[in-house]
**Q** 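Below is one structure. I have some questions about it.
Predicted model only: the values in this text are computed from it and were never measured. Heavy-atom basis, side chains included; hydrogens, waters and symmetry copies ignored.
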Amino acid sequence: MTTAFADPKSLTHEELEEGTAFAPRFDDKGLITVVTVEAGSKDVLMVAHMNAEALALTLETGIAHYWSRSRNSLWKKGETSGELQEVVEITTDCDQDCLVMSVRQTGRGAACHTGRKSCFYRRVTLQDGKAGLEDTGLPHLFDPKAVYGG
């Protein structure tokens with residue numbers, strides 16, 4: 001990893017919010033939240049996290065890398081499935097503690113490990129005081145068992 005980021009603690013409030021120094025504010029676990037959207041449609045594909053290494057690799061390669069909290073490891077999106085994400089743009093919020101990454105989804109167009117375009121394929125419903133989930137009808141673009149096994 002050769003990309004260096006500014007230390008947010010070294011910046012004034014104004015420099016952090018109005019300046020040109022990229023100083024991502026990683027949380028106490030060393031992670032920053034990333035909302036990933038499709039460049040053309042602006043559909044939200046997924047929400048994930050990056051550590052400094054994943055963010056640097058993403059910037060250096062132009063391919064999305066994330067930090068898997070469940071596997072506790074670096075994760076190149078699409079390395080197994082072929083569903084790579086080519087980075088178009090990364091923006092940060094005002095205090096640099098969250099990112100929005102615009103990507104071109106490659107492969108069959110599925111960002112979700114379930115084989116769907118988006119990880120957001122269910123809507124929350126409320127019926128008779130009970131919260132539930134309802135499928136939005138987003139189709140599978142690949143069979144996850146065939147791709148990942150199991």
**Q** Is there a side-chain contact between Gln85 and Thr106 in this structure, where contact means two heavy atoms from C-beta onward sitting under 4.5 Å apart?
**A**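 Result no, sub-4.5 Å side-chain heavy-atom pair not found.
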**Q** Of the options Arg108, Arg116, Arg104, Lys76, which is the one that meets Glu83 in a salt bridge (charged side-chain N to carboxylate O under 4.0 Å, His left out)?
**A**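 Between Glu83 and the candidates, salt bridge (charged side-chain N to carboxylate O under 4.0 Å, His left out) is satisfied uniquely by Arg108.
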**Q** Give a yes or no on whether Leu55 and Val100 share a hydrophobic cluster (residues Ile, Leu, Val, Met, Phe, Trp, Tyr; joining criterion: side-chain heavy atoms under 4.5 Å apart).
**A** no
**Q** Of all heavy-atom pairs between Ala110 and Leu141, which one has the smallest distance, and what is that distance?
**A**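 Shortest heavy-atom separation between Ala110 and Leu141 comes out as N-CD1, 3.9 Å.
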**Q** Out of curiosity, Tyr121 OH to Cys112 SG, how far, rounded to the nearest 0.5 Å?
**A**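 Answer for the OH-SG pair, Tyr121 versus Cys112, is 5.5 Å.
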**Q** Looking only at non-hydrogen atoms, find the nearest pair between Met46 and Ala111 and report the distance.
**A**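 Shortest heavy-atom separation between Met46 and Ala111 comes out as SD-O, 4.2 Å.
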**Q** Is the closest side-chain heavy-atom distance between Arg123 and Leu133 below 4.5 Å?
**A** no
**Q** Assess the residue pair Ile32 and His49 against the criterion (side-chain contact (heavy atoms from CB on, under 4.5 Å)); give the C-alpha distance rounded to whole Å, side-chain angles, the decisive distance to 0.1 Å, and a yes or no.
**A** CA-CA 5 Å; Ile32 191 167; His49 298 86; over 6 Å; no
**Q** If you draw a 6.0 Å radius around CD in Glu134, do more than 12 non-hydrogen atoms from other residues or ligands fall strictly inside?
**A**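 Counting other residues, nucleotides and ligands, CD of Glu134 exceeds 12 neighbours.
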**Q** Might you point out which heavy atoms bring Ala23 and Leu11 nearest each other, and give the distance in Å?
**A** CB-CD1, 3.6 Å
**Q** Going through the checks in order, is the side-chain contact (heavy atoms from CB on, under 4.5 Å) test met by Glu86 and Ile63?
**A** CA-CA 5 Å; Glu86 298 172 347; Ile63 300 295; 4.0 Å; yes
**Q** Restricting to non-hydrogen atoms, name the atom on Thr3 and the atom on Glu60 that form the minimum distance, rounded to 0.1 Å.
**A** OG1-OE2, 2.7 Å
**Q** Looking only at heavy atoms, what is the nearest atom pair of Met101 and Val34, with distance?
**A**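 Heavy-atom minimum between the residues: CB-CG1, 3.9 Å.
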**Q** Using 30° and 60° as the class limits, which term best fits the ring planes of Phe26 and Phe5: parallel, tilted or perpendicular?
**A** tilted
**Q** Looking only at non-hydrogen atoms, find the nearest pair between Thr58 and His65 and report the distance.
**A** OG1-N, 2.9 Å
**Q** Same cluster or not: Val87 versus Leu99, using hydrophobic residues (I, L, V, M, F, W, Y) connected whenever any side-chain heavy atoms lie under 4.5 Å apart?
**A**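 Yes; tracing contacts between hydrophobic side chains, which count when under 4.5 Å, links both residues.
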**Q** Using a distance-only test with no angle check, is there a side-chain donor-acceptor pair under 3.5 angstrom linking Glu38 and Gln105?
**A**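 Looking only at side-chain atoms, Gln105 and Glu38 do not form any donor-acceptor pair under 3.5 Å.
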**Q** With side-chain contact (heavy atoms from CB on, under 4.5 Å) as the test, would you mind laying out the steps for Leu59 and Ile90 before giving the verdict?
**A** CA-CA 9 Å; Leu59 291 168; Ile90 299 175; 3.9 Å; yes
**Q** By the definition side-chain contact (heavy atoms from CB on, under 4.5 Å), identify the one residue from Leu138, Thr136, Val37 that meets it with Ser118.
**A**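 Only one option passes, and that is Leu138.
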**Q** Between Leu57 and Leu74, is the side-chain contact (heavy atoms from CB on, under 4.5 Å) condition met? List the steps.
**A** CA-CA 10 Å; Leu57 282 168; Leu74 192 64; 3.4 Å; yes
**Q** Flag the pair Leu45 / Phe120 as yes when at least one side-chain heavy-atom distance between them is below 4.5 Å, and no otherwise.
**A** no
**Q** Parallel under 30°, tilted from 30 to 60°, perpendicular over 60°: which one fits the rings of Tyr66 and Trp75?
**A** tilted
